[in-house]
Every structure is written in structure tokens, then in C-alpha cells.
2 protein chains.
Amino acid sequence: MKLSTKGRYGVKAMFDLAQNYGSGPIPLNNIARRNNISEHYLEQLIAVLRKAGLVKSVRGAQGGYILSKSPETITVGDIIRVLEGPIAPVDCVNEDEPEHCENADFCITRNIWAKVRDSVAQVLDSITLKDMLEESKNLQEQSYMYYI
Amino acid sequence: MKLSTKGRYGVKAMFDLAQNYGSGPIPLNNIARRNNISEHYLEQLIAVLRKAGLVKSVRGAQGGYILSKSPETITVGDIIRVLEGPIAPVDCVNEDEPEHCENADFCITRNIWAKVRDSVAQVLDSITLKDMLEESKNLQEQSYMYYI
DNA sequence: CTTATTTCCTACTGATTTGCTCGGCTTTCT
DNA sequence: AGAAAGCCGAGCAAATCAGTAGGAAATAAG
């Protein structure tokens with residue numbers, strides 16, 4: 001039940017882009033440096049995000065990446081699904097094309113995995129990049145208060 | 001975010017033992033055959049469950065395995081934790097000993113993974129083997145009704 | 001006492017996934 | 001022209017997965 005670094009790095013990178021939303025294209029090496037991620041590896045991940053239409057790229061000098069939609073319209077679930085595939089603890093409850101299983105109708109464990117899938121999806125789909133930006137602002141205010 | 005076969009097979013095997021609870025020790029080859037699992041492989045998994053105290057074994061002819069507690073006191077979460085380790089989509093929100101991360105206090109993504117962990121744990125910890133037995137009975141009744 | 005049944009234990013293995021690295025090509029701004 | 005970026009494909013070491021293989025020890029039944 002672990003997430004791979006694809007999903008983790010992907011969410012970090014997208015959050016970084018959200019924090020810089022409106023400031024033009026952000027070069028990948030900036031994102032990689034700020035988040036301690038190998039630039040070459042992140043390149044492969046963001047290529048997937050680009051092909052899925054979540055980010056746009058600007059080539060050439062002063063180029064970089066931009067969110068293709070505003071932060072409130074992108075959820076963590078969107079990012080995870082692109083990088084990790086459909087949310088499902090086991091293949092027989094896959095969101096897209098559930099693997100066929102002849103005794104699915106009578107399978108008790110299957111119902112459990114469906115519940116897990118739904119609860120994970122509910123959490124991930126309810127959090128937008130904008131929510132994260134706001135939470136980040138709250139945290140900063142709190143730590144400011146702490147030093148008064 | 002996939003469960004391995006360890007968790008899946010383990011829950012199936014434990015549910016099988018729950019269905020046979022009170023009928024003395026159940027030999028492993030029966031469980032393996034009923035659930036289409038390699039007996040040798042299941043052997044390794046049930047050894048872990050035994051060492052964790054979830055099942056008891058009876059050696060020798062007419063031996064086998066028995067749940068060490070009644071089905072209503074064993075949750076799916078208990079089984080998964082034994083076979084797959086602590087529930088956590090990433091190590092920094094591990095239930096037992098979270099991996100140290102110096103900027104955990106300011107990490108926004110960390111909060112997301114903690115929410116995922118909690119929602120998964122909530123689902124898995126709320127389902128006991130007895131719940132599964134009852135659901136199984138309901139399903140059987142429904143399919144009986146269907147044929148009247 | 002012997003034999004069949006069953007658990008217990010250790011080691012090995014092929015396939016797949018993960019988490020990268022390396023090198024080079026193309027585009028575009030200055 | 002040159003530097004700064006994205007784009008692309010190949011390769012690779014380590015870990016994990018999902019088993020196999022083979023036998024030793026315990027116990028019930030005959």
C-alpha cells in the first residue's frame with residue numbers, strides 16, 4: 001500500500017508550480033533543486049504530466065513549465081492517477097477497467113478493496129492545489145505568530 | 001498504491017478460517033485449494049500470521065490452523081498490518097515509527113498522505129472477520145431469492 | 001511400531017518494478 | 001552564435017514479488 005516516488009514527486013512538483021502560478025514558465029531545474037529531486041528523473045515524470053494535459057511546456061531559453069489550468073481545478077487525485085495509474089488496491093476493483101474475475105459476484109474480499117479504493121479516492125479528489133496553497137499560507141502565519 | 005498478494009491471500013485465508021471456526025484445525029492444503037493459492041506460498045504467509053498470534057497451529061496428522069481469537073475480535077486491518085507492514089502511503093507518515101524528515105512541520109504533502117493513511121486505516125479497522133461472515137450470508141440469501 | 005499426514009524451516013530463482021543515470025537532439029531567447 | 005531550456009530513448013543496479021524446491025520434525029491412526 002505504498003505510493004512510489006512518481007506520485008510523491010509529482011505532487012510536490014505540481015504544488016511547486018501552483019506556488020509559482022502566474023509567474024510565467026518555471027524551469028525544471030528550479031523545481032528539482034527546491035524539492036531535492038533528481039532533475040533527470042523529474043523530467044520523465046513531468047513528461048507524463050504534460051502528455052496528460054496537466055502542465056504546459058515552453059521550450060527554449062527562459063522556458064519551463066506552467067500549470068495548464070488554475071490550481072483550484074487540479075486535484076491531487078488527478079496527479080496521482082496520471083502518474084500511478086487508476087486508484088485501486090487490487091486490480092479487480094480498478095476504476096477504469098476492472099480485471100475480470102469469474103466469482104466477483106460472490107467475493108467478499110472484493111467489497112473490502114472497493115471500500116478502500118473509494119475512501120482513498122474521496123480523500124485525493126477532495127484536495128485541490130489551491131487547498132494546498134491555502135494550507136501553506138496558514139502554516140506560515142502560525143509560525144509567524146510563534147515568533148511574536 | 002497496490003496491495004501485494006500477501007495481504008490479499010492473507011485476508012482470504014483468514015476469512016476461510018473464520019468460516020470454519022469451531023470445526024477444529026483446518027489443514028493448509030484445504031485452504032489453499034479452496035482459494036486457488038499455492039500451498040507452499042501460503043505456508044510462508046500463515047507462518048507470519050502465526051508468529052503474530054493471529055492463528056494457532058496444530059502439528060501432525062489431522063492438524064492444521066485455527067483462529068486464535070473469535071472472528072469478531074480480528075479486523076482486516078490486523079491482518080494487513082501483519083503481512084504488509086504498517087499502513088502508510090509513504091514512510092514519513094508511518095503508523096509506528098515515522099521516518100524522520102527535517103521539514104515535516106512545513107510539509108504540505110505530508111498532511112495529505114496522513115489523511116490517506118487515516119482513511120484507509122479507518123476502513124480496514126472497522127471490518128471484522130465476523131462482518132465478512134455476515135455479508136457472505138446475506139449474499140447467499142440474495143442469490144437464493146433470485147432463484148425462487 | 002510404522003506410516004501417512006501435516007506443520008515448520010531455509011534457500012533459491014525468474015520476472016518485474018523502482019529510481020534513477022547518461023548522452024544527445026531540438027527549440028528559442030538574447 | 002551561444003546559452004538556456006525542453007525532449008527523447010537507452011541502459012542499469014537494487015529491491016520486491018510471487019512463487020519453487022526439498023527436506024526435517026511432530027503427531028494421529030492403524
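Proteins get letters first, then strands, A, B, ... in listed order; numbering begins at 1 in each.
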Any luck finding a side-chain donor-acceptor pair between Glu135(A) and Asn111(B) under 3.5 Å? yes

Hey, which sits more toward the 5' end of DNA chain D by its nearest nucleotide, Glu43(B) or Tyr9(B)? Tyr9(B)

Most 5' of His40(B) and Ser57(A) on DNA chain D, judged by nearest nucleotide: Ser57(A)

Would you please test Met1(B) and Val116(B) for side-chain contact (heavy atoms from CB on, under 4.5 Å) and show each step? CA-CA 11 Å; Met1(B) 289 293 285; Val116(B) 171; 4.1 Å; yes

Do Glu84(A) and Lys2(B) meet the salt-bridge criterion of a basic N to acidic O distance under 4.0 Å? no

Are any of [X]'s side-chain N or O atoms less than 4.0 Å away from OP1 or OP2 of [N]?
{"X": "Ser38(A)", "N": "dG19(C)", "result": "no"}
{"X": "Lys6(A)", "N": "dT18(C)", "result": "yes"}
{"X": "Tyr65(B)", "N": "dC8(C)", "result": "yes"}

Any N or O donor-acceptor pair linking the side chain of Arg59(B) to the base of dT7(C) at under 3.5 Å? yes

Are the side chain of Arg110(A) and the backbone of Cys92(A) linked by a donor-acceptor contact shorter than 3.5 Å? yes

Give the nucleotide from the list [options] with an atom nearest to the side chain of [X].
{"X": "Lys51(B)", "options": "dA5(D), dC20(C), dC9(C)", "value": "dC9(C)"}
{"X": "Gln62(A)", "options": "dC17(D), dC29(C), dG19(D)", "value": "dC29(C)"}
{"X": "Thr5(A)", "options": "dT28(C), dG19(C), dC8(D)", "value": "dG19(C)"}

Given DNA chain C, 5'-ward residue of the pair Val58(B) and Leu3(A), judged by closest heavy atom: Val58(B)

With nearest nucleotides of DNA chain C determined for Gly60(A) and Gln44(A) from heavy-atom distances, which residue corresponds to the more 5′ nucleotide? Gln44(A)

Atom CG of Asp91(B) to atom P of dT18(C): distance rounded to whole Å? 15 Å

Is Arg8(B) touching bases, backbone alone, or none of the nucleic acid, heavy atoms closer than 4.0 Å? nothing

